[in-house]
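In what follows, a single structure is set out as structure tokens and then discussed.
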Amino acid sequence: MRLTDYPIQNLKEEPADAEVVSHRLMLRAGLIRRLAGGLYTWLPMGLRVLRKVERIIREEMDRAGALEVSMPVAQPGELWVESGRWDQFGPELLRFKDRHDRDMVLGPTHEEVVTDLARRELKSYRQLPVNFYQVQTKFRDEIRPRFGVMRAREFLMKDAYSFHADEASLDEGYRKMYVAYDRIFTRLGLRFRAVQADPGAIGGTGSQEFHVLADSGEDAIAYSDGSDYAANVEMAEALAPAAPRPAPSQAATRVHTPRVKTIAELAAFLSVPVERTVKAFVVESHDGAPVLLLVRGDHEVNLVKVGKLAGLASPARMATPAAIRAAFGADPGSLGPVGFSGRVIADRTVAAMADFVTGANETDWHLTGVNFGRDCPEPEVADLRNVVAGDPSPDGHGTLGIARGIEVGHIFKLGSKYSEAMGATVLDEQGKSIVMRMGCYGIGVTRVVAAAVEQNNDERGIVWPEPIAPFQVVLVPLNWAKSARVREAAEALYRDLATAGVEVLLDDRDARPGVKFADAELFGIPHRVVIAERGLDAGKLEYRHRRAADNEELPLEGAVDALRARLGVPG
RNA sequence: CGGGGUGUAGCUCAGCCUGGUAGAGCACUACGUUCGGGACGUAGGAGUCGCAGGUUCAAAUCCUGUCACCCCGACCA
């Protein structure tokens with residue numbers, strides 16, 4: 001492509017309302033434009049990237065034996081009533097009525113449609129297993145679409161659904177998808193990690209997320225340095241400390257702590273390490289009664305874990321300040337287990353603490369030297385907290401580190417949730433009707449593009465991984481307008497590279513060198529060739545990889561072959 | 001949904017408090033100079049000041065309503 005044929009302007013100035021680097025760079029480089037909140041147009045340069053991602057995904061899905069289909073975006077509401085999700089799904093599900101006043105939805109996902117397809121088409125165990133996939137537009141009416149195409153309302157998703165006669169076949173289908181995903185993200189040139197995940201509301205028996213590693217990622221991932229254990233922090237188990245609880249050595253003492261708000265302030269005020277403090281949270285049980293949760297001052301409560309505890313509201317609900325005052329007679333900030341008669345659950349770490357500091361259940365007062373079994377009853381013990389770096393790995397091998405990631409893929413064993421509700425059955429060898437097992441497997445295709453930028457950029461712009469760069473090579477002729485020699489050399493190289501099947505972008509604008517260099521770097525094209533009179537005199541071109549700091553000389557003679565040899569070589 | 005903020009040229013913003021001819025930089029058009037890291041000069045095109053009411057001789061500016069967008073929202077328990 002010639003840049004003079006490309007009408008899209010890139011932006012020198014930062015768009016005012018773009019928060020994250022990928023959004024800013026995608027706008028600046030002219031990959032996307034916003035239509036309305038969470039709705040984006042993909043411009044030619046951006047679409048080239050998107051199509052490359054799609055192609056790699058399709059190739060690997062096909063290789064794994066999945067069958068591509070295309071299901072409608074608009075779906076009848078009655079299918080959602082049948083699966084039970086008409087009521088379960090919140091306002092994220094965009095609903096509307098057609099001209100006959102029938103309920104319709106814009107599909108946020110396609111379990112209902114594909115299960116309907118399966119129950120009509122699949123009648124025998126001999127047709128199984130099968131995996132249907134599509135690359136298709138999804139609509140989710142997010143409360144707060146953010147970060148450009150990272151969390152848009154309309155987005156492109158690869159979704160796949162497998163159907164099986166039994167659990168063993170589901171396991172096998174799931175494993176195949178794991179392998180396919182591993183290949184996909186490897187081929188995309190991204191640094192990623194597969195992690196154990198919370199199956200959450202979708203239910204089922206197993207689930208793993210694929211995260212692109214980036215410091216700006218919204219999710220935290222715990223991984224072991226001594227094994228291949230990796231899990232979303234929501235899921236990673238915090239083991240009980242190895243050392244037993246020490247014997248009490250201090251008497252419980254009331255301390256006035258006025259204007260002390262944070263745990264850090266409390267520790268400083270009392271001159272104790274934060275590891276000696278215990279903070280208290282109040283959640284609601286099934287019947288709305290307050291339940292006191294205790295975690296160490298420097299730890300964070302994990303509400304996903306809390307929501308799974310027996311007897312507690314699920315998902316977890318924090319008690320209101322009014323309810324807290326009624327139950328404890330103190331404001332949040334001065335709560336503790338001493339004198340509280342309700343249910344108390346301590347984190348495993350807290351259960352092994354002695355002589356700790358905690359709230360006195362009187363506003364602006366704390367207690368020091370508190371011990372379980374002496375000052376208050378022994379609490380229930382559970383894993384309540386997020387793991388932190390340095391915790392032992394739950395599989396017993398190594399210690400955990402924490403990384404940040406962007407979730408770009410998720411694979412689930414669904415089991416029979418949808419097939420049961422919608423009556424998707426086949427006949428087995430005995431001619432008996434059995435409910436099919438299902439798996440589902442998603443990749444956020446548009447999000448992959450944003451995540452790739454988020455992971456690969458520098459102060460000058462995007463640094464595309466080679467497999468998904470919009471162009472492989474950019475030609476930067478200097479003094480294009482005046483120098484016939486430069487034009488001829490650039491045109492020849494452009495033609496020869498294109499003939500050789502290289503995706504090449506020619507900057508044939510009458511622009512100053514600085515402008516061309518800056519744009520080439522903003523666009524993030526991996527390989528750059530400068531054509532200038534200076535070098536032509538010596539029969540040379542200048543080559544530079546986007547990740548490299550310095551130029552290399554490239555003989556004009558045989559330049560096409562020399563360049564082709566470099567394509568695909570990581571920088 | 002609650003709280004905060006912003007809507008003025010394609011983009012980034014000033015002007016609003018204190019009402020009186022709608023501005024700057026970038027981008028765009030033409031011409032000239034310039035040409036290896038986001039040039040410069042001259043001339044130009046481009047905005048119903050989000051929208052609707054109201055106050056006023058006069059509204060981008062004050063008032064009311066409305067829409068859109070952005071940010072924050074229970075780790076201080």
Side-chain angles (χ1 to χ4, degrees), chain A residues 7-20 23-24 27-28 30 33-39 90-91 143-148 257 259-267 269 274 277-284 290-303 306 316-325 327-337 340 347 358-366 384-386 460-461 476-483 486 509-522 528 530-536 542 544 551:
Chain A
I8 304 302
Q9 276 183 19
N10 52 59
L11 310 173
K12 206 188 295 189
E13 290 180 79
E14 295 284 324
D17 49 13
E19 238 194 311
V20 296
H23 190 196
R24 282 203 301 271
L27 287 169
R28 284 190 53 207
R33 288 290 182 259
R34 198 184 76 99
L35 172 65
L39 302 175
I143 315 171
R144 248 181 90 193
R146 268 198 283 193
F147 308 145
T257 53
R259 288 183 302 282
V260 172
K261 297 287 187 192
T262 65
I263 285 288
E265 286 169 17
L266 176 67
F269 182 83
V274 287
T277 64
V278 168
K279 56 186 179 185
F281 296 79
V282 185
V283 295
E284 293 181 5
V291 175
L292 188 67
L293 305 179
L294 302 174
V295 288
R296 201 170 76 180
D298 57 325
H299 286 158
E300 291 182 1
V301 164
N302 180 320
L303 288 176
V306 170
R317 264 200 317 274
M318 302 300 259
T320 63
I324 290 171
R325 269 186 292 277
F328 291 85
D331 286 334
S334 302
L335 305 183
F340 175 63
D347 180 64
T358 190
N361 291 329
E362 183 176 350
T363 300
D364 290 339
W365 287 82
H366 280 78
L384 299 181
R385 67 175 175 93
N386 285 338
R460 297 178 173 206
V476 181
L478 303 186
N479 199 17
W480 168 271
K482 290 273 177 60
S483 169
V486 165
R509 297 174 298 176
D510 177 18
R512 296 166 66 84
V515 173
K516 293 191 175 191
F517 290 142
D519 284 347
E521 282 154 358
L522 176 61
R528 184 184 83 187
V530 176
I531 300 119
E533 297 202 294
R534 198 162 86 184
L536 291 179
E542 275 172 34
R544 183 139 146 197
N551 290 329

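Chain naming here is simple, since letters A, B, ... match the order of the sequence lines and numbering starts at 1 in each. Only this structure's heavy atoms are used, side chains among them; waters, hydrogens and symmetry mates stay out. Predicted, not measured: the structure shown is a model, and the values here were computed from it.
B:A39 is paired with B:U33 under the Watson-Crick or G-U wobble criterion, all donor-acceptor distances under 3.5 Å. Pairing for B:U18 is absent, judged as Watson-Crick or G-U wobble with the two contacts each under 3.5 Å. Using N1 to N3 plus N6-O4 or O6-N4 for Watson-Crick, or N1-O2 and O6-N3 for G-U wobble, each under 3.5 Å, B:U66 pairs with B:G50. B:C11 is paired with B:G25 under the Watson-Crick or G-U wobble criterion, all donor-acceptor distances under 3.5 Å. Pair assignment for B:U61 gives none, since no Watson-Crick or G-U wobble pairing has each distance under 3.5 Å. Pairing for B:C1 goes to B:G73, judged as Watson-Crick or G-U wobble with the two contacts each under 3.5 Å.
Residue A:Gln9 places no side-chain atom within donor-acceptor reach of the base of B:G10, judged by atom type and a 3.5 Å distance cut-off alone. In this model, no side-chain donor or acceptor of A:Arg544 finds a partner on the base of B:G36 within 3.5 Å. Judged by distance alone with a 3.5 Å cut-off, a donor-acceptor contact links the side chain of A:Lys279 to the base of B:C75.
Going from atom CD of A:Glu265 over to atom P of B:C75 covers 15 Å, rounded to whole Å. One can place CZ of A:Arg509 at 17 Å from C1' of B:U34, the figure rounded to the nearest angstrom. Here the C1' atom of nucleotide B:A27 and the CZ atom of A:Arg33 are 12 Å apart, to the nearest Å. Rounded to an integer number of Å, the gap from CG of A:Leu335 to C1' of B:A74 is 14 Å. In this structure, CG of A:Asn479 is placed 15 Å from P of B:A39, rounded to the nearest angstrom. Taking atom CZ on A:Arg28 and atom P on B:C11, their separation rounds to 16 Å, with Å as the unit. The CD1 atom of A:Ile8 sits 16 Å away from the P atom of B:G10 (whole-angstrom rounding). Rounded to an integer number of Å, the gap from NE2 of A:His366 to C1' of B:C76 is 9 Å.
Contacts of A:His23 classified as ring pair (Phe, Tyr, Trp, His ring centres under 6.0 Å), with partners at least two apart in sequence or in another chain: A:Tyr40. For the side chain to side chain donor-acceptor pair (under 3.5 Å) test, residues two or more places apart in sequence or in another chain that qualify with A:Arg24 are A:Glu14.
To the nearest 0.5 Å, atoms NE2 (A:His366) and OG1 (A:Thr257) are separated by 5.0 Å. Annotation: the span from A:Lys516 atom NZ to A:Trp480 atom CH2 amounts to 7.5 Å, rounded to 0.5 Å. Within the model, atoms CG of A:Leu294 and NE2 of A:His299 stand 13.5 Å from one another, a figure rounded to the nearest 0.5 Å. Remark: A:Ile531 CD1 to A:Leu536 CG distance equals 8.0 Å, nearest 0.5 Å. One finds the CG atom of A:Leu39 at 8.5 Å from the CZ atom of A:Arg34 (value rounded to the nearest 0.5 Å).
Judged by closest nucleotide on RNA chain B, A:Ala511 is the one of A:Gly333 and A:Ala511 placed further toward the 5' end. Residue order along RNA chain B, read from the 5' end via each residue's closest nucleotide, puts A:Glu521 first among A:His299 and A:Glu521.
On the C1' atoms, B:A9 is 11 Å away from B:A22, given to the nearest whole Å. B:G3 sits 30 Å from B:A60 when the P atoms are compared, rounded to a whole Å. B:C11 and B:G2 have their C1' atoms separated by 33 Å, with the value rounded to a whole Å. Taking atom C1' on both nucleotides, B:U55 is separated from B:A43 by 43 Å, rounded to a whole Å. Taking the P atoms as reference points, B:C17 lies 44 Å from B:C31, given to the whole Å. Taking the C1' atom of each, B:G73 and B:G47 are spaced 37 Å apart, rounded to whole Å. A gap of 28 Å separates the C1' atoms of B:G44 and B:G50, to the nearest Å. Comparing the P positions of B:A59 and B:U66 gives an interatomic distance of 23 Å, to the nearest angstrom.
In terms of modelled atom types and a separation under 3.5 Å, the side chain of A:Arg296 and the main chain of A:Thr277 share no donor-acceptor contact.
Distances from the side chain of A:Arg34 to the nucleotides B:G37, B:G38, B:C69 place B:C69 closest. Checked against B:G37, B:G36, B:G38, the side chain of A:Arg534 finds its nearest nucleotide in B:G36. With B:C72, B:G36, B:C75 as the candidates, the nucleotide lying closest to the side chain of A:Val301 is B:C75. Nearest to the side chain of A:Val515, among B:G36, B:C71, B:G38, sits B:G38. Of all nucleotides listed (B:C35, B:G36, B:G38), B:G38 comes nearest to the side chain of A:Asn10. The side chain of A:Leu478 has B:G36 as its nearest neighbour among B:G38, B:G36, B:C75.
Heavy atoms of A:Arg24 sit nowhere under 4.0 angstrom from any nucleic acid atom. Using a 4.0 Å heavy-atom distance criterion, A:Ile263 is classed as a sugar-phosphate-only contact. Nucleic acid contact class of A:Arg460 (heavy atoms, under 4.0 Å, all strands): base. Using a 4.0 Å heavy-atom criterion, one finds that A:Lys516 contacts no nucleic acid atom at all. Contacts of A:Gly359 with the nucleic acid, taken as non-hydrogen atoms under 4.0 Å apart, are absent. Heavy atoms of A:Leu11 sit nowhere under 4.0 angstrom from any nucleic acid atom.
Proximity of A:Arg146 to the phosphate of B:C72: a side-chain N or O atom is located under 4.0 Å from OP1 or OP2. Taking side-chain N and O atoms only, A:Arg512 has a distance below 4.0 Å to OP1 or OP2 of B:A39.
A:Phe340 pairs with exactly one of A:Val291, A:Leu335, A:Asn361, A:Val282 by the side-chain contact (heavy atoms from CB on, under 4.5 Å) rule, that one being A:Asn361.
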